[in-house]
Amino acid sequence: FDRNATAVTYDLFHGQWHLHRTGTVAAFPFGFGLSTTTFAMGDDIAFDAATRSAHVTVANTGSRDAATVVQVYGGYEASDYERPAWRLVGFARVDIPAAGTKRLAISVDLRMLDVRVDGAMVREPGPIRLRAAFHADDPGAAVTLA
């Protein structure tokens with residue numbers, strides 16, 4: 001960081017994407033939130049192509065009613081284009097009572113993974129990996145779309 005800089009140029013890799021690319025661990029990764037309780041995510045993630053939504057079970061493992069935000073990140077296992085490994089493609093806030101569990105449906109916009117090629121947005125072929133997580137560095141629960 002140059003505090004005397006008179007201009008700043010951002011490329012594709014800035015913010016959390018820059019940290020991931022350089023292997024830098026953030027104290028508070030993108031999407032990180034504080035809560036008065038704790039949450040856990042099941043590994044039962046599923047994608048419903050008809051509704052374009054990811055489904056995952058979230059549990060409030062604490063002793064207080066609270067809310068959390070579940071984020072869905074998408075990425076290609078292999079890509080012909082330079083791109084971030086993961087992009088946010090959906091998220092949903094959910095209120096869960098103490099010691100409660102909810103099955104959550106999160107709308108997913110796979111267009112967020114499209115790339116601009118010669119002025120047009122293009123969907124790259126190949127398997128897409130979806131990951132439901134509590135923040136950008138959370139391994140969460142993942143599923144691969146063929």
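Residue numbers start at 1 and run along the sequence shown.
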Checklist entry - Between R131 and D138, is a salt bridge (charged side-chain N to carboxylate O under 4.0 Å, His left out) present by the stated rule, with each step listed? => result CA-CA 9 Å; R131 177 173 53 96; D138 178 11; over 6 Å; no
Checklist entry - Do V115 and M121 pass the side chain to side chain contact (heavy atoms under 4.5 Å, CB included) test, and can you show the C-alpha distance, the side-chain angles, and the key distance before you say yes or no? => result CA-CA 5 Å; V115 291; M121 297 306 288; 5.9 Å; no
Item to check | R52 and S107: CA distance, side-chain angles, deciding distance, side chain to side chain contact (heavy atoms under 4.5 Å, CB included) verdict | outcome: CA-CA 6 Å; R52 294 182 185 155; S107 294; over 6 Å; no
Next on the checklist: Quick one, T38 with T61, criterion side-chain hydrogen bond (donor to acceptor under 3.5 Å, both in side chains). Give me CA distance, side-chain angles, the key distance, then yes/no.
Outcome noted: CA-CA 5 Å; T38 55; T61 57; 2.6 Å; yes
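The two residues A26 and L19 make their nearest non-hydrogen contact at CB-CD1, 3.6 Å. For the residue pair G31 and Q71, the shortest heavy atom distance occurs at O-NE2, 3.1 Å. Closest non-hydrogen pair, G42 versus A141, comes out as O-CB, 3.4 Å. Nearest heavy-atom pair, S35 versus A67, reported as atom, atom and distance to 0.1 Å: OG-O, 4.3 Å.
Contact of the F47 side chain with the V108 side chain is registered, since non-hydrogen atoms from C-beta on lie closer than 4.5 Å. With a 4.5 Å cut-off on side-chain heavy atoms, F134 and V70 count as touching. P127 places a side-chain heavy atom less than 4.5 Å from the side chain of T144. Residues D11 and H18 have side chains not in contact (no heavy-atom distance under 4.5 Å, counting atoms from C-beta outward). Residues F39 and T37 meet the side-chain proximity criterion, which asks for heavy atoms closer than 4.5 Å. For the pair V58 and K102, the minimum side-chain heavy-atom distance is 4.5 Å or more. Inter-residue side-chain proximity for T57 and M41 is flagged as unmet; no heavy-atom pair is nearer than 4.5 Å. The closest side-chain heavy-atom distance from H55 to L104 is not below 4.5 Å.
Few gaps surround CZ on R123; more than 12 heavy atoms of other groups in view lie less than 6.0 Å from it. For CZ of R64, the number of neighbouring non-hydrogen atoms (other residues, nucleotides, ligands) closer than 6.0 Å is 12 at most. Heavy-atom neighbours of D65 CG from other residues, nucleotides or ligands within 6.0 Å: above the threshold of 12. For F13, the CZ atom sits in a packed shell: over 12 heavy atoms of surrounding residues, nucleotides or ligands are nearer than 6.0 Å.
N60 contributes a side-chain N or O that, together with a main-chain N or O of I96, makes up a donor-acceptor pair within less than 3.5 Å. Listed for the W86 side chain is no donor-acceptor partner under 3.5 Å among the backbone atoms of Y76.
Classified by interplanar angle (parallel below 30°, tilted 30° to 60°, perpendicular above 60°), the ring pair F32/H135 is tilted.
V72 and F30 are members of different hydrophobic clusters when ILVMFWY side chains are connected at heavy-atom separations under 4.5 Å. Hydrophobic clustering, with ILVMFWY side chains joined whenever heavy atoms are under 4.5 angstrom apart, keeps M112 apart from Y73. Residues L110 and I45 share a hydrophobic cluster, clusters being chains of Ile/Leu/Val/Met/Phe/Trp/Tyr side chains in contact below 4.5 Å. No path of Ile, Leu, Val, Met, Phe, Trp and Tyr side chains, each step under 4.5 Å between heavy atoms, connects I106 with L88, placing them in separate hydrophobic clusters. Side-chain heavy atoms closer than 4.5 Å link hydrophobic residues (I, L, V, M, F, W, Y) into clusters, and following such links, possibly through other members, connects V143 to L113.
For R116 and D114, the salt-bridge test fails: no basic side-chain N is under 4.0 Å from an acidic carboxylate O.
Listed by chain and number, the residues in a salt bridge (Lys or Arg N to Asp or Glu O under 4.0 Å) with R129 amount to none (sequence neighbours excluded).
Results of the side-chain hydrogen bond (donor to acceptor under 3.5 Å, both in side chains) test with R21 over H14, Q16, E82 single out E82 as the only residue that passes.
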